Amino acid sequence: MSHLKVYNSLTRKKEIFKSITPGHAGMYVCGPTVSGESHLGHARPYITFDVVYRYLMHLGYKVRYVRNITDAGHFEEEGREAEDKISKKAVLEKLEPMELVQKYTNLYHWAMDQFNCLPPSIEPTATGHIVEQINMIETLINAGYAYEKKGSVYFDVKKYAADYDYGKLSGRVIEDMLETTRELEGQEEKRNRADFALWKAAPAEHIMRWKSPWGEGFPGWHIECSAMATKYLGAQFDIHGGGMDLLFPHHESEIAQSTICNHIAPVRYWIHNNMITLNGRKMGKSYNNVIRLTELFTGDHPLLEKAYSPMTVRFFILQTHYRSTLDFGNDALLAAEKGLKRLQEAHEWLQKMRITNDDGQPENVNQELDEKVIKLLNELDEFINDDFSTAKVLANMFELVPVINSIKDKNIPVQSLHITTLQMLQQKMKVYVEDILGLKTETLAEGEKLNGVLQVLIDLRKQAREKKDWATSDKIRNQLAEIGILLKDEKNGEMSWSIE
RNA sequence: GGUACCAUGGCCGAGUGGCUAGGCAGAGGUCUGCAAAACCUCCUACAGCAGUUCGAAUCUGCUUGGUACCUCCA
């Protein structure tokens, strides 16, 4: 059994994963800012780390998976500033931050559910941890690494960099950063341009505000993750995940804050997923090229030729290594959709297959095929252990699909494989497809009733065919095809169906 | 400007020195009342130039093109 190796952004190397507490693993992943709808780009980290979570559990770790919800800060809904406190509008006309947060949190949870992402163990909110954040900021001030200015508090990067390595995660050189001539807001309060806010004084019109030792304000962006990760995972924990775009300044700053407060580097393994691009361009608000998940699932977007199901998107994402950029396109999604369908149909049949003792007559075994199947199955462990190479796992599965389908169609006698190999095939495919990759059958939900209805039509069609009444037979098949249900005649006279 | 990264067949993508991933599309075939599905076969690519090597998509250098981060960002 090979060991799990993960690429650590901190060391830029693949390292063998070893948890701090044997048998347990702590993982923190940066969650969404719930001031808007999630888009395709957001789907990637959640699906990536869902597989990480699932795989760690599969390995037997008791995992605490913490994923925050950022619901504090400068709040606005697209085109609608949340700064109406001094206006004369009625309460109900005003934008209520909590309402916004609730709306997008619900939508986000819905999307995660669609993707079959397991809920995290703890999903803390920034607003629920203001006290922890203030405490942490006070510790930073007392330690001499933060200073207050006009009701705001900033982290003193220059001082930190003198004692520690600021930039070790992102490969940044502190001297360069101190000299940057970029014009940014609020710079005049900072001692150095590289300093970042821990606490921001709230202007009068700002709705989100809390009392603090420095006056009314709201927490800076980076402090929430440090505070919540420390609270739920401890001073040092195993894995911290997020998008590559968070490497700097967000994660770099997290390291700095936590290192001062807890006297230890907070994270053992930093894991970052790459971006989803659209025509080679990062999908993001600032580029105005986002496809929202609701648009993706309904097909209601100028760039979409059709709707793509959540599982298609999940499969699409898993077909690429998480550290590569992934370019979105209709052709690519369409290819994913068809591939997934083929995989799932073979998988479903395999799981329904009854393996009996008669199947394993050693003299009939095709040794070469048997060995090939075993090799392909064993490689699944090897590949997933190699920094979660889901693309290779899927590639091997697609090599197994023809074997499965050939057994199904009796092109290959079931006796060609040892009974133990068949059992291994069935069991491993189940574990990988369902438990680790989290690919679920989408038709299963309304499946039962629909299945009943289809059975009636299949019976009718069988009868028609027995009478060589091709007109009726074709009518049933063609009309079902029009609404997107495909009937397939099997070799043994049976019929199966699938939804297009 | 600084710092990284990337460039693979029609499309999406694995891949890190020899053993031609995989998916989708395309071509041919098997099966079939027809169709679909399935199965079999074919399509052998690595931006350009130079170098290292017995041998490079894979290492080195240069060139070109692109991207990301440095500001909210998954």
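To find a chain, count down the sequence lines: A is the first, B the second, and so on, and within it residues start at 1. On a predicted model such as this, the values are computed, not experimentally measured, just so you know.
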Can you check nucleotides 6-13 of chain B for protein contacts, nitrogen or oxygen pairs under 3.5 Å, and list what you find?
from   : atom 1 : to        : atom 2 : distance (Å)
G13(B) : OP1    : Asp327(A) : N      : 2.6

Does a salt bridge link [X] with [Y], judged by any charged N lying under 4.0 Å from a carboxylate O?
X: Asp469(A); Y: Arg465(A); result: no
X: Lys149(A); Y: Glu189(A); result: no
X: Lys375(A); Y: Asp370(A); result: no
X: Lys488(A); Y: Glu345(A); result: yes
X: Lys462(A); Y: Glu494(A); result: yes

NA contact type, [X], heavy-atom cut-off 4.0 Å: base, sugar-phosphate, or nothing?
X: Met397(A); value: nothing
X: Tyr322(A); value: nothing
X: Asn478(A); value: nothing
X: Val290(A); value: nothing
X: Gly284(A); value: nothing
X: Glu399(A); value: sugar-phosphate
X: Leu247(A); value: nothing
X: Met244(A); value: nothing
X: Ser406(A); value: sugar-phosphate

Hey, what are the protein-to-nucleotides 25-29 of chain B N/O distances that come in under 3.5 Å?
from   : atom 1 : to        : atom 2 : distance (Å)
A25(B) : OP1    : Lys338(A) : NZ     : 2.9

Asn116(A): partners by side-chain hydrogen bond (donor to acceptor under 3.5 Å, both in side chains), with sequence neighbours left out: none
Contacts of Glu337(A) that satisfy side-chain hydrogen bond (donor to acceptor under 3.5 Å, both in side chains) - sequence neighbours left out: Lys306(A)
Just compare [options] and give me whichever is closest to any side-chain atom of [X].
X: Tyr287(A); options: G33(B), A74(B), A68(B); answer: A68(B)
X: Asp489(A); options: A35(B), C39(B), A74(B); answer: A35(B)
X: Ala395(A); options: G22(B), G33(B), C69(B); answer: G22(B)
X: Arg281(A); options: C70(B), A68(B), A74(B); answer: A68(B)
X: Asn273(A); options: A74(B), A38(B), A21(B); answer: A74(B)
X: Arg172(A); options: G33(B), C69(B), A21(B); answer: C69(B)
X: Arg477(A); options: A35(B), C39(B), A14(B); answer: A35(B)

Distance-only donor-acceptor test, Asp474(A) side-chain atoms vs G33(B) base atoms, 3.5 Å: yes
Base G23(B) to side chain Arg342(A), donor-acceptor N/O within 3.5 Å cut-off: no
Ring center gap for Phe383(A) and Tyr432(A) short of 6.0 angstrom: no
Ring-ring centroid check Phe297(A) Trp110(A), cutoff 6.0 Å: yes
Check the interface with nucleotides 41-47 of chain B: list each N/O to N/O pair with the protein under 3.5 Å, or write none.
none

Ring-on-base stacking G33(B) with Trp470(A) (under 5.5 Å, under 30°): yes
Validation row: Met429(A), Leu400(A) side chains within 4.5 angstrom (heavy atoms): yes
pair Met244(A)-Thr325(A): side-chain heavy atoms closer than 4.5 Å: no
Separation of the P atoms in U58(B) and A21(B), to the nearest angstrom: 15 Å
Integer angstrom distance from the P of U41(B) to that of U20(B): 15 Å
C69(B) OP1/OP2 closer than 4.0 Å to side-chain N/O of Lys282(A): yes
Report yes or no: does [X] contribute a side-chain atom to a donor-acceptor pair with the main-chain N or O of [Y] at less than 3.5 Å?
X: Asp71(A); Y: Thr127(A); result: yes
X: Arg44(A); Y: Met275(A); result: yes
X: Lys190(A); Y: Asp195(A); result: yes
X: Asn366(A); Y: Ser416(A); result: no

Sub-4.0 Å heavy-atom contacts from residues 113-121 of chain A onto RNA chain B, ordered by number: none
Within 6.0 Å of NZ in Lys440(A), more than 12 heavy atoms from elsewhere: yes
Nearest-nucleotide 5' precedence on RNA chain B, Val401(A) against Phe398(A): Phe398(A)
